[in-house]
Amino acid sequence: MQNTDNTGGPDNRILFLLDKLYARLNVSQREAVRAVNGPLLVLAGAGSGKTTVLVNRVYHIINFGDICEARPNFGDPLFAREYEKAKNGDIPQTKEFLKRIAVNPANPENVLCITFTNKAAGEFKERLGKMLGKDAGGIWAGTFHSICARILRGHIDKIGFSNSFTIYDADDSKKLISQIIKDLNIDEKFLPAKAAAQAISSSKENRVTPEEMLTSSRDARQTLIARIYDEYMSRLKKASALDFDDIILSALVLFESHPRLLEYYRDKFDYILVDEYQDTNPSQNDLVLMLGKGKNNVCVVGDDDQSIYSFRGATVGNILNFDKSFPKLKTIKLEQNYRSTQNILSVANALIGNNKGRKGKNLWTSGGEGEKIIARRLYTQAEEAEFICGEIMRLSALGTPLGDIAVLYRVNAISNAIESSFIKNRLPYKIFGGIRFYERKEIKDIVAYLSLISNPADDIRLRRIINTPKRQIGEATLEEMTAISLKNRLPLLEVAKNSSSYPTLARACAKLERFCGLIGDLSDFARQNTINAIINEVITRTGYLKMLTDAKETDREEMVREFISAGLIYEESSENPTLAGFLEEISLVSDIDDYDEGSQSVSLMTVHSAKGLEFPVVFISAFEEGVFPSAMSVGEGNLEEERRLAYVAITRAKKKLYLTHTDSRTLYGFTSPSRPSSFLEEIPQNLLETYEPESPRGRRNYTGSPRAVYSSSGRGGEAYGKKGKSAPGGGNKYSFGGEPPKKPGGVDFSPGEYVEHKYFGKGKVVSFEKMGQDALIEVDFENGQVKKLMASFAKLEKSKKP
DNA sequence: TATCGTAGTGTTTTT
DNA sequence: CACTACGATA
């Protein structure tokens, strides 16, 4: 016998040391860390510590390589002695010993880690940094888009784009498509730009070319879309612009047309790791296969039960059929959960068990059962919101930090009702989602100037800002310029530059030349100044800041200042800051306002945005048929995805979970009766604590009109949440507190009076209109906002003239 | 050309 | 309800 068995499995002594090193991981996690050789699929349930696995795996790859294949000579007495020392020694000693017998440990720059979000990439890099020190810096870690962009920056000229290409976001590409529809004389009513954009994006996600789309087209509309798609691609190329889908597609095209380049990257990346694989679309899957097929050391991590982005082209098939691409695929399930109570997990397991297309997992925890899940029915959404706030105040009083609590909903529209209760109760909250920083008009405008400076062929950005601020360059002029640009195959900026030579532009000539002069000056300026200086120059020279100041757009001004500091941060954090680099970063980084764990406020967000997060206390609101599951998805036969979404929502909760639903729901201005989500019936009733409103429905007046909550203005917090108050006209239906009676007499104002509001400050009453028991009051606040408020809600205090 | 008023239209959205 | 996108006016 040799010193090891010859079955090809790892040596037991090495395993012993690895177990010691990874003592904090469970058996499956350890297996997933050390199985570095060959393709691996890790099915990681929610809260199963998959990031820990990924980080440790990279650590393992870089330090020990494929150490499980090591066959060191334990027969050598000297070596055996060292092994004994490591076996009985401390962790650093163990590590040193293992490093000595490592098998082909990888260089950091030969490891590729792909995530979906910048946030995940950032977290990943941070944890790698802690574990690996300086080695972490060399690793290629980033999102699909940033990795591809990095490759494309060096090589996209090989397929006819400039290496300093521009990235278009969804808004830009929709504008371009809209322009094409106009230019092709298509009626937007027949084919809205949005629909075309959607169809084109979906084709790109599935790697369908315009030609393929045209040949497979079955109706006039489809043919039209194919033509638009074709034209769209050629215009993007002319502008040297890529949309989000193109960033992936172009990498594929590049590799397919340049096999030696592909070979280079295949050779470079010894190990590939991909997180959240259930969210990949076919293009991204192809990219992983393309790069991974050389060495086959591909590890993909994901959870088929958490696939919730099919509407964006993601397909669970990529994870379910991964073994078709890699027949020797090894699969490891991580089912032990370190996040939630067993009750929460059982609810999640029961629900997701009703889905058919899945690999099948059963989450469990070694922690306790925990509390039951609270299912609460309420009559109206106002009461639902009050219930949620009441519970939050109760928990808060018992010591739960507000930052530990989240309210989740299926659609953003639900947040309104909940938000108003938070305001009313003066509970600090933060709404996530909605308009993101880089999608704000003013930010996009400044970015458009910067883009045009760095890429003069960017017609879409030129269109955006040529008349912002107003330069008397109107629709007619732009139309004429477009015609010339199409005829002579020139970018719009070139047309503007030569406007004197086109008779049709004679009238606008001076204005156009002035605009070109401005862009030219800014380009010159940009060549020899810092990002910060460039941004400042842009906002002053273009008159943009003045425009905001003159219009008293203080909010927007503030956003522009925020943008200036974003530029500064980029400059300070980047080793080689360039304008193009800054523009790329802001195209690929969607939000600067991320979820902050230390925040002392309740988080309100959609279930989609909550993915990857966890909270000790979670409320899932509007758990109603038609909302969750959404009526649209049910109609399209996507019930399984809705169920996965509910599964994601439930598994966010660590300790306490509430499911609330109402009898009536107002959405998009229409109020309709609602019934509990069918998902509620799929949950074992013994895990639920169900609360019904105590008083029968007819006894109360559910007009939905807001009721007074504070009888006196001023100090907050005392009026709601105290026990024992009866609701008007009925018994106390909450076990958590009722509504105090209102005093209509306390809210009486007349126009011209000065008032003070807790949040908005001082202001002057513009109008006052009685509405039943309440009144609608319009106030012009000193901060420039004019607000219409329900007098009883507003908690206004009379004030002296400022 | 700019602005104002109204008709239309609404999931989810890591990049 | 709330927001945008477009068409009629000044």
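Chain letters run A, B, ... following the sequence lines, proteins first and then strands; every chain starts at 1.
For the side chain to side chain contact (heavy atoms under 4.5 Å, CB included) test, residues two or more places apart in sequence or in another chain that qualify with A:E442 are A:R440, A:Y544, A:R556, A:M559, A:V560. Judged as a salt bridge (charged side-chain N to carboxylate O under 4.0 Å, His left out), and not counting sequence neighbours, the contacts of A:E276 are A:K50, A:K611. Not counting sequence neighbours, the partners of A:Y277 by the ring-ring contact (aromatic ring centres under 6.0 Å, His included) test are A:F322. Qualifying side chain to side chain contact (heavy atoms under 4.5 Å, CB included) partners for A:R127, counting only residues two or more places apart in sequence or in other chains: A:T51, A:T52, A:V55.
At a cut-off of 3.5 angstrom, counting only N and O atoms as typed in the model, there is a donor on one side and an acceptor on the other between the side-chain of A:R312 and the base of B:dT15.
At the heavy-atom level, A:S630 lies under 4.0 Å from base atoms of the strands shown. When heavy atoms are screened at a 4.0 angstrom cut-off, A:E205 is found touching no nucleic acid atom at all. Nucleic acid contact for A:A120: none, since no nucleic acid atom lies under 4.0 Å from a heavy atom of the residue. As judged by a 4.0 angstrom heavy-atom cut-off over every strand, A:D279 is placed among the base-contacting residues. Within 4.0 Å of A:N412, counting heavy atoms only, lie sugar-phosphate atoms of the nucleic acid but no base atom. Note on A:T666: nothing from the nucleic acid sits closer than 4.0 angstrom, heavy atoms only. A:E475 comes within 4.0 angstrom of the backbone, heavy atoms only, and of no base.
Taking the six-membered ring for Trp and thresholds of 30 and 60 degrees, A:F582 and A:Y570 have ring planes inclined between 30 and 60 degrees apart.
Atom NZ of A:K194 is separated from atom P of C:dT4 by 13 Å (rounded to the nearest Å). If you measure from atom CZ of A:R436 to atom P of B:dT12, you get 12 Å, rounded to the nearest angstrom. Atom NZ of A:K611 and atom P of B:dT15 are 12 Å apart (whole Å). Look at NZ on A:K444: it is 13 Å from P on C:dT4, rounded to the nearest Å. A straight line from CG of A:D275 to C1' of B:dT14 spans 11 Å, rounded to a whole angstrom. The interatomic distance linking A:H145 (NE2) with B:dT13 (P) rounds to 17 Å, in whole Å. Atom CG in A:N467 sits roughly 9 Å away from atom C1' in B:dT1 (whole-Å rounding).
Ranked by how close their nearest DNA chain B nucleotide is to the 5' end, A:I473 and A:Y668 are led by A:I473. Across the interface with DNA chain B, nearest-nucleotide mapping of A:F670 and A:K470 shows A:K470 to be the residue nearer the 5′ end.
Counting only residues at least two apart or in different chains, salt bridge (charged side-chain N to carboxylate O under 4.0 Å, His left out) contacts with residues 245-254 of chain A comprise A:K204-A:D246.
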List, with names and distances, any nitrogen or oxygen atoms from the protein found under 3.5 Å away from nitrogen or oxygen atoms belonging to nucleotides 6-10 of chain C.
none

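An OP1 or OP2 oxygen of B:dT13 is reached within less than 4.0 angstrom by a side-chain nitrogen or oxygen of A:S609.
The aromatic ring of A:F311 sits over the base of B:dT12, with ring centres less than 5.5 Å apart and planes tilted by under 30°.
Note on A:R153 versus A:E584: salt bridge recorded, some NZ/NE/NH1/NH2 to OD/OE distance being below 4.0 Å.
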